[in-house]
Structure formats: structure tokens, C-alpha cells
Number of protein chains: 2
Amino acid sequence: MSADPTSLSADEPRWQRRSEERPGEIMRAGLELFARKGFAATRLEDIADAAGVSKATIYLYFKNKQDLFVATVREFAEARVDRIEAFLDNYEGGYSELLDLVLRQLYEVVQTPELRAIVKTLIAEAGNFEEIRNYHRDHVVLKGLGMMTRIVEAGIKTGEFRPCDASATVQSIVFPFLMNSLGRQTFGELPQFDPEALFASHLEFVKRGLAADRES
Amino acid sequence: MSADPTSLSADEPRWQRRSEERPGEIMRAGLELFARKGFAATRLEDIADAAGVSKATIYLYFKNKQDLFVATVREFAEARVDRIEAFLDNYEGGYSELLDLVLRQLYEVVQTPELRAIVKTLIAEAGNFEEIRNYHRDHVVLKGLGMMTRIVEAGIKTGEFRPCDASATVQSIVFPFLMNSLGRQTFGELPQFDPEALFASHLEFVKRGLAADRES
DNA sequence: GTCTATATGAGGATAGAC
DNA sequence: GTCTATCCTCATATAGAC
């Protein structure tokens, strides 16, 4: 309490850190373990060890295990969709190039360990945590699919893409990336799941799948 | 023990059934609960109640909880891939039609509650059960992807499909169905996940994505 | 603010009657 | 072959010292 957090000197007691860092460290350790073992199979003690604190310390920042879990899952998903959304709002140009850019973004984000962990955790635990299920359904999945749908619809209107059911077609476009990420998370790295190969191949596949019919 | 199982009379004690039916009933109840809540969060008592037996009865047929789980997950996945494989072995005709037929099969199978439950369970628990992970990797996922890859490669050779990385392209073809199934399992039925719309739309998308370039 | 030590309870597993 | 009743482990959650 006497220490100014912005100028923490080196000779503080070893265990003392600024309390603003603790929750993040605990959640980061939690995400990794929750994703690997699931909510029920993850012991608070393992999280505490991974975060370098004791079990009891967790209860200083989180009401209970479930509270930690809900906070963790939300923490690492929140910013991503908004980042893409901001990108879309500022974009000027053709929808074909836009789709290309957005798929690159999605591809990058889906590679990160955090995102893979979140997607896996969401699927595994949505049945047990209505709060998490509803939040991600509304703020991540439907929002994300909606953004993509609007891109496709706009492209159809300008004639860059062929007429189609945009809402359904979006699943043909983005689901391979998500499922590939899940496959790697589930089975580890396999030559069949090489994400570089998938990305190039799928981009070409999408380009042809959406291409407007040639006249003549 | 005195009763001949093939001619079980109606006035037996109410709780007595032929033992060959019990394991299947327990596994069916188990699959549903494991898929909804996960392995750790599913209580043996819940499975027992759902199957209409007592906890102790489960231990007559399965060594322990994990043994029941492993047997259950394997039970409902085993036959499916083999069925499609047999279908392929007997097929004569064009690869474009074959791909169409196989996607219909995949689509049907992925709709069933059992398959949805298996896919979800696999993703959720593969990290905790190496045995399950390895079995499905080799006998379901890689085998299934391999079969599809051979179809695409054969179609490229006959000129029905454009030249491409068959192994990667297969993911563009089948992953939307799998991910759609997972989405419904995770979030319930949503208009965005309407599987009928996806099927028709995706089939058209695949047809165009694979079409050989027109000459001229 | 963090730790060590402990209370509490839930659920997997078993013994023994029928 | 199935049930009821009990045991026992293990992990969450808390109390209290520093």
C-alpha cells in the first residue's frame, strides 16, 4: 500500500506484485488449462501453480471457480471481433479485395493459441454455462457471421460476386478455417492440417465459388 | 439364470432384462450426457438414472467411468466411416456425381444426434484421453479425409475437376458440414445454421470451386 | 495481499443383501 | 444380475497467520 505501483522498486518482498497484473496472469494460466482439460477437470491448484500464486489468492480476485472461468473466456474473445469490425468500418474499395483481406485476418487470428483455446473451450463448455453460450452466440458468432454476410451481399449487389444465399455461403467461406483450427487443437499438428496449404488453397476455392458467371 | 434369453416370459421380476441389452442402453444414455456436459461433469448417477438402472449396475459391465466413456465414444463412431468406405468400393461412374453422393451421405450422417454428440465429445475430451484421440485420428479423421482426397485426385485425373491441392481442398469441401453440425450442437437451432439451406448452397459452391476451367 | 492449513461436500467406487 | 447403503478420495472454498 505504501508502494507507488508506477515506480515499483526492485527490493520489494518477492511475492508482492501490483494487484492489477494478478488477474490477467491467473486468467492466462486458466485459459491454457481450461482449454486443454476442460472446466471440471482443471484443478484450481494447477491454475495457481501455473500462475505462480497459491490457491487462496485466486479467491481474492474471483468469487469462485465458475466466476474465474466466465471472466477468462470472455477476456480473450472480446477484442477480436471488434477489431475486425473496426477494420470493416474504415474500408474503402472492392468487395473481392475486402473479402480477401478479412479472410487473411481471420486466418491469422484463428492461428493464435488463445483463439484456438477459446473456440475449443466454447464448444466443450457451452452446454454447462448458459451465460457463456449466449454471450458468444450474440457477440461473437452471429455478429461475425453477420459482418461476413453483409460483405458478400454487398459484393453481389455490385456484381463482383454471383447471386447466392449469402448467409449460407458465408459458412462455406469461414468454416474451413475454424474447423482446421479445431482439428489442430484436437489432434495436434498433422501434415493434413497444414494451415499454410489450406489458406492458399481455400482462398482460390472461395474466389471460384463466388465468381460471377461470365457473360457470353 | 434359469431363463432362456431367447424366450423370456412376461412374468419375470420387473428389473430383470437380458444382459446383452444393458451395456447398449447404458452407453446410449452415456453418450447423450457426456456430449452435453462433458466427461468430468457427467455423474455416473445421472447415466444410471437415464438408463433406468442403479449406479452399481454400471460396474457390472464397465470397469470404471473411463472405461464406460471410451467404450461409448468408440461404439457410435465405428460403423459410419466403414459404411461410406463400402459405398465407395462399389461405385462405378463419374467423380462429380460421386462427390455429390458422398456429400449427401456425409450431410445425412452429420445431422444425426449421435454423430453430433461424437464430434463434440471428441473435440472436448481428446486432450484428456489419448486413446480416444489416437483412435479417431487414425480410424475416422485421417481415413475419412483420405477417402475424400482420393475422389478429388481421381476427378482431377479424368479432367472433371480442375488441378488443385486435393488434400487441402477436401477441407474446403467437408469442413463446413462438420462445423455447421458443431455450431448447432453448441448453440442450438438458429436460423443462421439451417442445415437445409447450407447443404444446397454449399453443394453449388463446391461444384464451382472444383470446376475445370473452360477451354477457349 | 499472500500464504498455510483445514473444513466441507460431491461423486466414484465397493460390499453385501436379495 | 440388480439394488441399497456406505466408504473414501479429492478438490473447492475458507479461516487465520504473516
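Atom set for the values below is all heavy atoms of this structure, side chains included, hydrogens, waters and symmetry mates excluded. Because the structure is a prediction, the values reported are computed rather than measured. Letters go in sequence order (proteins before strands), and every chain restarts at 1.
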Specify the separation, in whole Å, of atom [atom1] of [X] and atom [atom2] of [N].
X       : N      : atom1 : atom2 : result
A/Lys55 : D/dC10 : NZ    : P     : 13 Å
A/Ile58 : C/dT4  : CD1   : P     : 13 Å
A/Phe62 : D/dT12 : CZ    : P     : 15 Å
A/Lys65 : D/dA13 : NZ    : C1'   : 12 Å
A/Leu44 : C/dC3  : CG    : P     : 13 Å
B/Arg22 : D/dT2  : CZ    : C1'   : 8 Å
B/Asp46 : C/dA10 : CG    : P     : 13 Å
B/Leu68 : C/dG11 : CG    : P     : 17 Å

Among the nucleotides [options], which one has an atom lying closest to any side-chain atom of [X]?
X       : options               : answer
A/Ala56 : C/dC3, D/dT12, D/dT4  : C/dC3
B/Tyr59 : D/dT2, D/dT12, C/dG12 : C/dG12
B/Leu60 : D/dT6, C/dC3, D/dG1   : D/dG1
B/Arg43 : C/dG12, D/dC3, D/dA13 : C/dG12

Item to check | Worked check of salt bridge (Lys or Arg N to Asp or Glu O under 4.0 Å) between B/Glu25 and B/Arg22 | outcome: CA-CA 5 Å; B/Glu25 289 166 6; B/Arg22 281 267 187 252; 3.4 Å; yes

Item to check | Over 12 non-hydrogen atoms of neighbours within 6.0 angstrom of CD in B/Glu189 | outcome: yes

Checklist entry - Does A/Arg133 make a cation-pi contact with B/Phe187, if we ask for NZ or CZ under 6.0 Å from the ring centre and within 45° of the axis? => result no

Checklist entry - Is the closest basic N to carboxylate O distance between B/Asp46 and B/Lys37 below 4.0 Å? => result yes

Next on the checklist: Would you say B/Thr57 places a side-chain N or O within less than 4.0 Å of OP1 or OP2 belonging to D/dC3?
Outcome noted: yes

Checklist entry - Does A/Tyr61 make a side-chain N or O approach to OP1 or OP2 of C/dT2 shorter than 4.0 Å? => result yes

Checklist entry - When the ring planes of A/Phe39 and A/Phe129 are compared, do they come out parallel, tilted or perpendicular, using 30° and 60° as the limits? => result perpendicular

